[in-house]
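Data first, discussion second: the structure below is written as structure tokens.
Every chain is numbered from 1 and lettered A, B, ... according to where its sequence line falls, protein lines coming before strand lines.
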2 protein chains.
Amino acid sequence: MTIQIKDVARVAGVSPSTVSRVLGNGPVSAEVRKKVEAAIKATGYRPNLAARRLRSQHSQTIGLVVSDIRNPFFTAVSRAVEDAAYKAGMRVILCNTDEDAGKEAMYLSLMQEERVTGLIFAPTRETAETLDSNKLGFPVVLIDRAGPPGRNDAVVLDNAQASEILVEHLLSQGCRHIGGVFGNTSTTGVERHAGFVAALERRGLPAPARFIAPSLDAAESAIRQWLVEPDRPEALIASNGLLLMGALKAARQAKIEVPRDLLLAGFDNDDWTDIIGSGMTVLEQPVYEIGRTAMAMLMARLESPELLPRKIVLSGRLVVRGSTIAGVAT
Amino acid sequence: MTIQIKDVARVAGVSPSTVSRVLGNGPVSAEVRKKVEAAIKATGYRPNLAARRLRSQHSQTIGLVVSDIRNPFFTAVSRAVEDAAYKAGMRVILCNTDEDAGKEAMYLSLMQEERVTGLIFAPTRETAETLDSNKLGFPVVLIDRAGPPGRNDAVVLDNAQASEILVEHLLSQGCRHIGGVFGNTSTTGVERHAGFVAALERRGLPAPARFIAPSLDAAESAIRQWLVEPDRPEALIASNGLLLMGALKAARQAKIEVPRDLLLAGFDNDDWTDIIGSGMTVLEQPVYEIGRTAMAMLMARLESPELLPRKIVLSGRLVVRGSTIAGVAT
DNA sequence: ATTCGTTGTGGTATCGATTTCAATGGAATT
DNA sequence: AATTCCATTGAAATCGATACCACAACGAAT
């Protein structure tokens with residue numbers, strides 16, 4: 001039996017409506033407001049958000065559905081989203097899909113039951129194909145991976161450009177035989193691969209690439225295998241932080257020294273890349289800004305639902321470190 | 001205007017009560033159940049969780065309040081908590097306090113408004129002192145940092161023991177002049193310091209220690225300063241992953257080579273510790289298990305509220321790597 | 001002096017589900 | 001054949017807030 005609004009009303013000697021108006025900054029005389037606020041303090045009243053949501057039809061909740069919060073990219077994004085959400089008086093519900101379309105469907109359904117105000121979502125390729133914000137009943141902002149163009153709002157990195165920047169950098173280091181490893185579940189891997197191929201073909205160079213499941217073990221063993229083949233590349237680009245770590249471990253295992261025997265670069269300026277040996281060259285994504293932008297985009301969409309879907313493309317930043325500078329120890 | 005339970009009832013030709021019973025696995029004849037399920041599918045009905053929560057007085061929501069989700073320790077714990085929660089049909093609300101007592105108070109208040117079923121909480125020392133689950137109105141399980149004994153349920157590492165294990169290891173490597181750096185906001189730092197001191201005093205050795213704010217920059221500069229003083233230790237223990245990284249960066253800056261000029265060990269088996277040079281020696285916390293245990297404890301508490309508060313103490317595991325083995329390059 | 005707005009307040013309906021209680025019908029028991 | 005019992009079902013109350021509407025009081029405008 002907790003305290004409810006009518007208890008506060010009784011203590012303050014006003015009606016429940018008036019208490020509600022005080023809570024919601026409605027029109028109340030200064031004197032009554034003071035009485036009510038005193039009564040709230042005296043009773044220790046806490047509004048029941050379930051009741052408020054039901055009556056007001058505003059959940060003040062946004063969903064954040066990612067593949068795995070342990071991926072530092074999503075960790076950083078989620079922190080940005082939460083900061084922005086709480087500042088706007090909203091709650092965040094976080095779900096991990098593990099790149100599983102079944103779980104995605106389940107959590108989308110949950111989002112509907114929660115009547116979320118909006119959703120920030122990093123879908124698998126499969127789900128991105130068929131996702132339709134109108135059917136869902138709330139606006140969606142895709143992050144990291146955009147679906148078919150013009151259908152949903154999205155905040156993404158310029159993946160092709162980013163790959164090209166990395167390739168150009170390796171080319172400028174004198175490499176000609178550059179390999180790439182890419183994740184096989186998201187559109188991100190596809191786009192980064194495209195940029196990779198474009199940059200190399202422009203020079204008439206081959207663009208050997210492999211697509212790998214996004215797990216450390218899978219990456220490590222697949223890359224190790226590649227590195228012992230006779231045609232192993234002299235430089236490698238990894239399409240995300242996890243694959244980059246896998247590549248490094250694989251090189252270690254194969255007794256291939258970075259950068260002496262293999263130049264190595266990748267995406268995501270994760271903490272470890274800065275402290276390892278002479279550092280890993282990475283293409284940094286503006287992780288916090290991606291989250292912040294996604295929230296801002298969602299808010300904008302809520303204000304003007306009729307706007308055409310927008311896609312905000314952010315640029316990465318090349319951070320050159322020792323792993324791509326021949327003649328430096330790692 | 002969304003579909004509600006009475007629409008489903010009309011389509012199925014039954015009463016809303018019956019639909020509700022189908023949803024809640026109540027007593028319904030097989031034939032009616034089939035009709036209702038068909039109607040649910042036909043209408044695309046999604047229950048409104050706000051309404052359900054209000055009426056049933058069960059929020060099916062648990063709060064998870066940590067200092068910063070970007071700390072890999074909390075990231076891993078949160079993933080475990082979320083896995084367990086969703087498996088039990090519960091939602092998780094995640095909040096970041098940044099070790100700020102003011103934010104903690106605000107989020108505790110939010111938890112009350114959400115009428116959470118329970119809370120998993122890593123409090124600052126300040127808040128831990130005065131926290132009272134009874135006043136809050138829902139059970140609390142503390143993680144990482146326990147408050148005053150016998151007051152709240154808690155899942156923690158055996159911090160003193162863990163420190164002693166690290167000290168013993170360094171002693172066995174021949175070190176006698178061992179320093180320690182500890183976080184200054186949580187009880188964890190205090191306990192780890194105590195174990196550190198105990199292990200050294202037992203041998204009649206000094207136990208020089210510093211308490212540092214838990215940020216990478218603060219750690220780096222404080223430790224760099226220490227390392228250029230004349231009495232700098234020959235080995236250093238860092239009380240968490242962040243401080244350990246700070247210590248490593250500080251050593252680099254001061255041109256002090258690990259492990260040749262300084263042995264370095266610390267808490268938290270974060271990903272990077274395994275791939276850096278010849279590896280960092282760490283005391284691994286069972287991160288996923290901590291989260292899982294906290295959830296299990298919360299469930300147990302909900303079943304039997306009258307049980308006396310319990311404190312579950314888990315043990316860490318020493319992972320020896322190159323950073324504490326003299327004569328190995330990093 | 002009358003009308004009109006404006007401001008502040010209270011009463012009541014309502015949000016969308018679950019829960020309680022009563023009613024029904026058929027099988028089982030005496 | 002009458003009675004009891006169980007399994008299903010429906011009607012209505014309820015969870016705790018906000019939204020909507022009506023109305024009182026008062027000053028300004030005609």
- How would you list, by chain and number, every residue that makes a side-chain contact (heavy atoms from CB on, under 4.5 Å) with Glu191(B), sequence neighbours excluded? Asn159(B), Thr187(B)
- Message: Under a 3.5 Å distance rule, please check whether Thr97(B) uses its side chain to pair with a backbone N or O of Glu104(B) as donor and acceptor.
- Response: no
- Message: Whole angstroms only, please: what is the CZ-C1' distance between Arg53(A) and dA17(C)?
- Response: 16 Å
- What residue pairs, at least two apart or across chains, pass side chain to side chain donor-acceptor pair (under 3.5 Å) with a residue in residues 290-304 of chain B? Asp153(B)-Arg301(B)
- Measure from CG on Leu54(B) to C1' on dG16(C) and round the result to the nearest Å. 9 Å
- Message: Once side chain to side chain donor-acceptor pair (under 3.5 Å) is applied, what residue pairs with a partner in residues 17-40 of chain B remain, sequence neighbours excluded?
- Response: Ser15(B)-Thr18(B)
- What parts of residues 37-50 of chain A reach DNA chain D, counting only heavy atoms under 4.0 Å away? Tyr45(A), Arg46(A), Pro47(A), Asn48(A)
- Query: Within this structure, what is the CG-to-P distance between Asp7(A) and dG16(D), rounded to whole angstrom?
  - Reply: 10 Å
- Any donor and acceptor pair, going by atom type alone, linking the side chain of Thr127(A) with main-chain N or O of Pro123(A) inside 3.5 Å? no
- Is there a side-chain polar atom (N or O) of Gln57(A) under 4.0 Å from OP1 or OP2 of dA19(D)? no
- Message: Taking atom CD as the centre, does Glu126(A) end up with more than 12 heavy-atom neighbours from other residues, nucleotides or ligands that are less than 6.0 angstrom away?
- Response: no
- Gln4(B) CD to dT14(C) P: how many Å, rounded? 13 Å
- Note on the structure: Ile5(A) atom CD1 is separated from dT14(D) atom P, nearest whole Å, by 19 Å
- CG of Asn25(B) versus P of dT18(C): gap in Å, rounded? 12 Å
- Task: Mind listing the closest non-hydrogen atom pair of Val81(A) and Met295(A) along with its distance?
- Result: O-CG, 3.8 Å
- Length of the line joining Lys6(B):NZ and dC15(C):C1', which is rounded to integer Å: 10 Å
- Determine, step by step, whether Ile312(A) and Val156(A) satisfy the side-chain contact (heavy atoms from CB on, under 4.5 Å) criterion, reporting the C-alpha distance in whole Å, the side-chain angles of both residues, the deciding distance to 0.1 Å, and the verdict. CA-CA 6 Å; Ile312(A) 297 184; Val156(A) 294; over 6 Å; no
- With B for base contact, S for sugar-phosphate-only contact and - for none (protein heavy atoms under 4.0 Å), nucleotides 8-13 of chain C reads SBBBBB
- Item | Listed once per pair and sorted, the ring-ring contact (aromatic ring centres under 6.0 Å, His included) pairs that draw on residues 103-128 of chain B, sequence neighbours left out | Tyr86(A)-Tyr107(B)
- Length of the line joining Glu113(A):CD and dT18(C):C1', which is rounded to integer Å: 15 Å
